[in-house]
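Residue numbers run from 1 in the order of the sequence given. First listed ligand is number 1; within each ligand, the first listed atom is number 1.
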Amino acid sequence: MSEYKMQLTQEQRDILEGKQGEMLAKVMKTLVLYGETFGAEKMVPVTGKMGHLVTSFGFGVMKPVFELMDQLIESGTVSKQSFTVDPKPMDKNVPSNLIEDLVFKKFMYSAQKSYDVQLKKMGIEGSDAYTCTCYLDEVGNTPKKGDILSWAESSAVVYANSVLGARCNRNSGIIDLFGSILGYVPYFGLLTDEGRKATWIVDIQTTKKPEAQLLGSAIGMKVMEDVPYVKGLDKWIGNELNDDAKAYLKNFGAATASNGAVGLYHIEHLTPEAVEQGEDLICENAKVYVIDDAELERIKASYPVIWKDPAAQPKLCFIGCPHLTYAELTAWTEKVVAKLAENGRKKVSVPTVFTAAPAVVEAFNKTEMAEALKSAGVVLSYICPLMYMNNPLCGKKPVITNSNKLRTYTTSRYYTDDEILDIITKEAK
Ligand code: F3S
């Protein structure tokens with residue numbers, strides 16, 4: 001009798017018994033045990049055209065990961081599908097001092113070059129495949145509705161599930177890679193129809209368009225890993241998935257996924273499953289969360305300021321976590337240029353970095369806007385701001401951001417889009 005409860009096909013049993021190699025058997029065993037932990041009864045094929053890995057950084061201390069990659073590569077157990085990967089941690093254009101450079105290159109990300117080589121051998125889509133917004137048209141890893149994925153990056157998983165209607169669990173790093181190697185993932189949670197039903201109704205009753213990052217933060221903290229069905233948001237962002245709505249939902253979703261652990265949300269009259277199934281998606285006895293202006297104010301006021309000196313002048317500003325879309329990048333450039341002119345200034349008063357996917361950066365750099373952004377003193381980069389800040393040196397810097405995800409994981413301080421724009425374009429105190 002099998003030691004596993006899961007119902008496996010003959011091919012899957014053969015893999016498990018090592019008929020396609022010892023390493024693939026181990027990968028299979030890991031995914032079967034992982035699935036059984038969550039009650040999965042079968043494995044289903046990965047159907048998305050590309051994978052996406054969360055582990056993009058050659059963090060020197062991650063030796064077990066590098067050894068594992070070596071063993072997989074040496075045995076020929078590489079990814080069945082090409083994949084994109086989260087952003088790189090370093091870019092020489094991003095402001096840093098000598099000591100920070102030393103810490104980044106010699107200590108923290110000392111294995112970046114060798115890890116990049118491993119990713120290449122494992123099947124990365126290309127040298128520009130490093131971004132968390134892999135699903136954007138410019139990048140090309142855009143799943144179709146109903147596709148089964150093996151991803152882990154939380155902001156990408158929630159976007160793929162909610163906005164694109166693909167199906168993916170909130171996996172961990174390496175599990176995402178194993179699914180891409182095996183071509184199967186365990187069937188549970190957000191892969192199932194039942195797991196995609198909403199157990200919360202969120203009723204938006206604000207008097208103005210809610211800040212995406214604040215709204216996502218509020219919902220994430222309330223529903224945690226549950227699925228919310230959001231009513232009343234289409235009044236503010238429309239009922240068409242255009243560039244603006246998609247950018248809004250990208251930022252909103254990243255906040256739900258990092259301030260809570262949301263892997264899927266439905267927006268009434270807007271996201272694909274909500275449009276198709278409407279309130280049939282809502283479970284009986286779903287709980288209700290009403291969000292009004294006061295609730296969003298309460299959420300914002302609850303964020304702790306953990307700078308050493310809360311009155312410090314900001315030393316760095318990050319905009320683009322998750323990475324900016326092309327439309328966002330253009331809109332931010334226009335806003336900064338216009339506001340600087342209004343304030344009679346030429347350059348931003350706080351060193352500012354906009355981050356976007358390499359393909360988006362490349363497209364933007366072909367336009368006249370690129371020169372305008374550069375003249376305004378803003379750096380455009382492909383890095384992950386979180387990876388940049390994730391060390392004791394940067395942790396001490398007073399950094400500001402409009403990203404709730406970055407605020408959650410670092411010492412950076414959150415401001416709304418309008419507040420950030422004001423801060424970086426006015427005279428420094
Ligand atoms: Fe992307 Fe890094 Fe933010 S992966 S979502 S830019 S933390």
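Residue Asp86 approaches ligand 1 through these ligand atoms, each under 4.0 Å from one of its heavy atoms: 4 (S). Every atom of ligand 1 with a heavy atom of Leu386 under 4.0 Å away is listed here by number and element: 7 (S). The ligand atoms of ligand 1 that sit less than 4.0 angstrom from a heavy atom of Cys132 are 1 (Fe), 4 (S), 5 (S), 6 (S). Numbered from 1 in the order shown, with element, the atoms of ligand 1 that lie under 4.0 Å from a heavy atom of Pro385 read 6 (S). Contact atoms of ligand 1 toward Lys405: 5 (S), 7 (S) (distance under 4.0 Å to a heavy atom of the residue).
In Pro87, the part holding a heavy atom less than 4.0 Å from any atom of ligand 1 is the side chain.
Atom 1 (Fe) of ligand 1 has no N, O or S atom of Cys384 under 2.8 Å away, backbone or side chain. For atom 3 (Fe) of ligand 1, the set of nearby N, O or S atoms under 2.8 Å includes none belonging to His323.
Side-chain contact check for Gln205 versus Ile291: every heavy-atom pair is 4.5 Å or farther apart.
Side chains of Tyr289 and Glu295: a donor-acceptor N/O pair is present below 3.5 angstrom, by distance only.
Geometrically, Arg413 does not engage Tyr303 in a cation-pi contact, judged by NZ or CZ lying under 6.0 Å from the ring centre and within 45° of the ring axis.
If you run side-chain hydrogen bond (donor to acceptor under 3.5 Å, both in side chains) between Asn161 and each of Arg170, Arg196, Arg167, only Arg196 comes through. Evaluated for a side chain to side chain contact (heavy atoms under 4.5 Å, CB included) with Trp151, the options Thr84, Asn141, Asn171, Asn169 yield exactly one hit, Asn141.
For Phe354 and Phe318, the ring centers are positioned 6.0 Å apart or more.
Salt bridge status for Lys300 with Glu211: absent, with no side-chain N to carboxylate O gap under 4.0 Å.
For atom 3 (Fe) of ligand 1, the closest heavy atom belonging to the protein is Cys321 SG, 2.3 Å.
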